[in-house]
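All of these numbers come straight from a predicted model, not from anything done at the bench.
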Amino acid sequence: MGDFNLALVIVAIVVCVLVFLFNVYLLVNYQHPDDANQAYFPKFVVVFGLSIAAISILMLPADVANRQACRHAIYNGACNLTLPMKELWLAVYIIDAVLVFFVIPFAMFYYEGDQDKSVGKRIKSALLWVVTTAIVCALLLGILYGLAGKVDFTVRHLSSVTTNFPSNWDFSSGQPCIGGSGAHACSAYTASASSEKTWTMRTTFPEYVVALATIVGSVLFSIFGGVGIACLPLGLIASFIRRPKAVITRSQYIKEATELGKRAKEVKKAADALHQEERSGSKGRKWRKNVKAVEKELLQLEEDVKLLEEMYPQGEKAETSWALTVLGYLAKLVLGILGLIVSVAWIIHIVIYLLIDPPLSPFLNEVFIKLDDIWGLLGTVAFAFFCFYLLLAVIAGAMMLGLRLVGSYANELFSVQCGTYSFVLNKVGDLANALNLCFYVILSYLLLEHVEFLGLCLFCATAFGYYAQATAAQEIFGHTLQSLRGIKYLYKYNVFQIAFIVLAALTFVYYVAF
């Protein structure tokens, strides 16, 4: 058991380091070339925020693996050698709360501020906005906590007589428990519905804040997760179907490139006109509509350029480039099929384990338990895979819907501002604003994702409650969170799970139809 704990500690440290390095790679690989060697603070916030978000999901399988160390413990003190998962959960939540309520909003207010002001004035303005926002949120949370910060537990009042210890344990339908001669024999088993009582108590303020944040996260998770669970595998398969079938000739390439050049000049001209209107102060509804149209055209132009480069690879290694392109689309097909299988497994598990009462089968919970019997961490690895796949589905859903819940055309901003649009703005001398707006959109996306991950953790802890029983996560996401006054009915009637299934079905129909 000691060796198992040591291995778990080593694995946890290695995974945390790999997650951080992977996010650094993402930032370096996908940042705009003109953004290199500058804006280190938002880059740190993005990398650190993404790392915490990923680690918070991986905490669930780590919690289950940590429980396995006590599985064959002969004495209770042996479990003291395991990782302090409850303290680690609280630490992750505290860091997440600091990021959501202070660090990310500060970075957003700072990079949204007037670029003509000095750094000190922009920091002062951002701090003022963050403090004001924190005070308003604290007041609202305090009022809500005072009015509805209670939990209502449904309990049963039971009583029974004492009896001698039996010499045999022969139970049957006629004798389901240790009986006696008293009137209350077996009352703990055959208690009537009238014995149910409501036990009310006030929850702690931190638990209430976590619960409200989790409710918001569950709403966003149901939307983005439901869309993403379908669009993630179907998007990969559709990408393979729409792949370039063959390399075009040089004459075709020149013709297409010339046409793209004309379109780029038209977009550049439109961007110049919009920039002039912005400087003149005429930023009405028509201007915003035109900006959205230009951004949409830019996004389409960028996609067409990438497709043309794939259809006509150039350079000394053109054949190798084309071979890698073909292999890349084949990999998308394979991953899409595998993802579709995992998505269908998720949908079936939600229906037969969460929506049907009593559950028809533990399904994936039972699969994980059997895998653990084969090898100690095999079930935990499978559990982590399904949780992380759901994380990828949430990200895919957020990218598809494009943050429309927090901005009217943030999708175009997120997709374009960090690429082609920044190049266009550079031509008119406004690259700094484009880069700051790019970071603003990324930070908005990161803030949204952190709130979603609270709902994702609760969803996974509920969906795999049979497998993740007796863990710190189940203690945190247990009855207290789902018995809060006013919001417990959302969990009682499986509102979030039903919304998840409905949106997944609608997204599937959309992909098949269009």
Worksheet entry | Atom pair CD1 (Ile337) and CG (Leu340), whose distance is rounded to the nearest 0.5 Å | 8.0 Å
Practice prompt. Answer whether the closest heavy-atom distance between the side chains of Thr380 and Phe368 falls below 4.5 Å.
Written response: no
Item to complete: Could you tell me whether the side chain of Asp63 and the main chain of Met59 form a donor-acceptor pair under 3.5 Å?
Response: no
Worksheet item: Between Val294 and Ala270, which heavy-atom pair has the shortest distance, and what is it?
Response: CG2-CB, 3.9 Å
Item to complete: Identify the two heavy atoms, one from Cys460 and one from Leu390, that lie closest to each other, and give their separation to 0.1 Å.
Response: SG-CD2, 4.0 Å
Worksheet item: Does a donor on one side chain and an acceptor on the other come within less than 3.5 Å for Asp304 and Gln300?
Response: yes
Worksheet item: Which of parallel (below 30°), tilted (30 to 60°) and perpendicular (above 60°) describes Tyr25 and Phe22?
Response: tilted
Worksheet item: Looking at side-chain heavy atoms only, is the closest gap between Val381 and Phe385 below 4.5 Å?
Response: no
Response to the item:
Heavy-atom nearest pair, Asn23 first then Ser51, reads ND2-OG, 3.0 Å
Worksheet item: Phe464 and Trp346: aromatic ring centres closer than 6.0 Å?
Response: yes
Below 3.5 Å, can you tabulate the donor-acceptor pairs from side chains in residues 493-514 to any protein atom, sequence neighbours excluded?
| from | atom 1 | to | atom 2 | distance (Å) |
| --- | --- | --- | --- | --- |
| Asn494 | ND2 | Leu354 | O | 3.2 |
| Thr507 | OG1 | Leu503 | O | 2.7 |

Discussion item. Could you check whether atom NZ of Lys245 has more than 12 heavy atoms from other residues, nucleotides or ligands sitting under 6.0 Å from it?
Written reply: yes
Worksheet item: Can you find a pair of side-chain heavy atoms, one from Leu371 and one from Phe383, that are under 4.5 Å apart?
Response: no
Worksheet entry | Expected output: side-chain Ser343 to main-chain Gly339 donor-acceptor under 3.5 Å | yes
Discussion item. I'd like to know whether CH2 of Trp129 has more than 12 heavy-atom contacts from other residues, nucleotides or ligands below 6.0 angstrom.
Written reply: no
Item to complete: Kindly indicate whether the side chain of Ile395, heavy atoms from C-beta on, has any atom under 4.5 Å from the side chain of Phe224.
Response: no
Item to complete: Quick one: closest heavy-atom pair of Phe388 and Leu58, and the distance?
Response: CD1-CD2, 4.1 Å
Item to complete: Decide side chain to side chain contact (heavy atoms under 4.5 Å, CB included) for Ile135 and Leu139; before the verdict, give the C-alpha distance in whole Å, the side-chain angles of both, and the deciding distance to 0.1 Å.
Response: CA-CA 6 Å; Ile135 293 174; Leu139 290 174; 4.2 Å; yes
Worksheet item: With distance as the sole test, does Ser239 use its side chain to make a donor-acceptor pair with the main-chain N or O of Gly235 at under 3.5 Å?
Response: no
Worksheet entry | Heavy atoms from other residues, nucleotides or ligands near CZ of Phe102 exceed 12 (cutoff 6.0 Å) | no
Discussion item. A side-chain contact here means heavy atoms from C-beta on lying under 4.5 Å apart; do Leu99 and Phe48 qualify?
Written reply: yes
Fill in: Salt-bridge contact Arg243-Glu310 (side-chain N to carboxylate O under 4.0 Å)
no
Worksheet item: Can any side-chain N or O of His349 pair as donor or acceptor with the backbone N or O of Phe363 at less than 3.5 Å?
Response: no
Worksheet entry | Residue from Val247, Ile248, Thr325 passing side chain to side chain contact (heavy atoms under 4.5 Å, CB included) with Met311 | Ile248
Worksheet entry | pair Phe386-Val367: side-chain heavy atoms closer than 4.5 Å | no
